[in-house]
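Structure, as structure tokens:
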Amino acid sequence: MITYALYFAFGCFGLGLLFNLWRIATGPENADRILALDTMVINIIALLILYGIWQGTTVYYEASMLVAMVGFVSTVAYCRFVLRGDIIE
Amino acid sequence: MELATDILISFFLVLAGIFGLVGSFGLVKLKDTMQRLHAPTKATTLGVGGVLIASMLYFLLVKGSLSFHELLITLFLFLTAPISAHFIAKTFVQARIKESDLPPTGREYGWSIHDDPPLVDDDRKPDE
């Protein structure tokens with residue numbers, strides 16, 4: 001039963017990634033693209049942890065922690081760049 | 001007992017998948033940027049939280065090992081999601097909303113995206 005639930009969750013988050021790609025391609029504002037990239041990072045963290053459950057290993061927690069940190073920093077850096085034209089003033 | 005464990009973990013996985021899908025679908029469906037800000041910052045974060053709970057339960061109940069990494073990731077995501085949402089909203093307000101359309105702050109200083117920050121009590125001069 002867990003296997004099928006895993007397949008369902010994989011499908012949901014994969015479809016979510018496609019939606020985010022659509023928003024990155026068509027988003028009229030910079031803010032839309034930043035938001036879609038941030039959501040992509042969150043979806044990828046979920047996919048990594050699901051893959052960890054599927055393989056039965058805890059190795060992927062470190063990877064998803066790193067992805068979470070890099071994603072947050074890149075979102076803030078992109079926003080700062082659009083807001084002020086510079087990342088560190 | 002094993003069936004109950006399976007049902008519990010599957011329930012959290014399916015719930016997480018639905019929340020994640022709703023969040024990403026809202027990003028496509030909603031009309032305005034400020035509306036679109038709602039869907040991913042709340043629903044997708046909850047979806048990841050569901051996945052992490054399912055993973056914790058799986059490794060605790062099936063594999064028999066308790067780990068706190070998931071709690072760390074959850075804490076980090078729940079802390080950073082509002083901050084990045086705030087930054088994205090600021091980006092949008094600065095790019096598309098005129099300063100005259102913003103409501104007054106009701107304080108001595110105006111909106112931080114348009115005005116310089118208040119000077120602290122030292123010798124620094126504001127940037128020109």
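Note on naming: letters A, B, ... go to the chains in the order of the sequence lines (proteins, then strands), and numbering restarts at 1 for each one.
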Derivation and outcome, side chain to side chain contact (heavy atoms under 4.5 Å, CB included), residues B:Leu21 and A:Phe19: CA-CA 9 Å; B:Leu21 190 60; A:Phe19 287 153; 4.1 Å; yes

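- A:Thr75 contributes atom OG1, which lies 6.0 Å from atom CD1 of B:Ile88 (distance to the nearest 0.5 angstrom).
- Put simply, OG1 on B:Thr44 and CE on A:Met40 are 12.5 Å apart, with the number rounded to the nearest 0.5 Å.
- For the atom pair CG of A:Asn30 and CZ of B:Arg96, the computed distance is 8.5 Å after rounding to the nearest 0.5 Å.
- Here B:Phe59 is the residue among B:Phe12, B:Phe19, B:Phe92, B:Phe59 with the most heavy-atom pairs under 4.5 Å with chain A.
- A 4.5 Å side-chain heavy-atom check between A:Arg80 and B:Phe87 finds at least one atom pair inside the cut-off.
- Counting heavy-atom pairs closer than 4.5 Å to chain A, the top residue among B:Lys63, B:Glu70, B:Lys29 is B:Glu70.
- With values rounded to the nearest 0.5 angstrom, B:Ser55 atom OG is found 6.5 Å from A:Ile49 atom CD1.
- A:Ser74 does not touch chain B: none of its heavy atoms, backbone or side chain, sits under 4.5 Å away.
- The shortest distance between side-chain heavy atoms of B:Pro40 and A:Ile42 does not fall below 4.5 Å.
- Looking at B:Leu3 and A:Met1, their side chains come closer than 4.5 Å, going by heavy atoms from C-beta outward.
- In this structure, the side chains of A:Trp22 and B:Leu27 stay at 4.5 Å or more apart for every pair of heavy atoms.
- Per-residue counts of heavy-atom pairs under 4.5 Å with chain A were compared for B:Thr5, B:Thr45, B:Thr80; the largest is that of B:Thr80.
- Note on A:Leu21: it clusters hydrophobically with A:Leu37, by side-chain heavy-atom contacts below 4.5 Å among ILVMFWY residues.
- Atom-to-atom distance recorded for A:Met65:CE and B:Leu77:CG is 8.0 Å, nearest 0.5 angstrom.
- Contact of the B:Ser24 side chain with the A:Thr39 side chain is registered, since non-hydrogen atoms from C-beta on lie closer than 4.5 Å.
- Only the side chain of B:Tyr58 comes within contact range of chain A, judged by heavy atoms closer than 4.5 Å.
- Contacts of B:Leu57 with chain A are absent, with no heavy-atom separation under 4.5 Å from either backbone or side chain.
- With a threshold of 4.5 angstrom between heavy atoms, A:Ile45 approaches chain B through side-chain atoms but not through N, CA, C or O.
- Ring planes of B:Phe76 and A:Phe72: perpendicular class, angle over 60° (limits at 30 and 60°).
- B:Ile73 CD1 to A:Tyr61 OH: the interatomic distance, rounded to the nearest 0.5 Å, is 7.0 Å.
- Of the atoms belonging to B:Lys90, heavy atoms from both backbone and side chain fall under 4.5 Å from chain A.
- With contacts defined as side-chain heavy-atom distances shorter than 4.5 Å, the pair B:Leu13/A:Leu50 qualifies.
- Heavy atoms closer than 4.5 Å to chain B are found in both the backbone and the side chain of A:Leu6.
- In terms of heavy-atom proximity, B:Arg36 sits nearest to A:Leu35 at O-CD2, 3.5 Å.
- Looking at every heavy atom in both residues, A:Cys12 comes nearest to B:Gly17 through CB-O, 3.3 Å.
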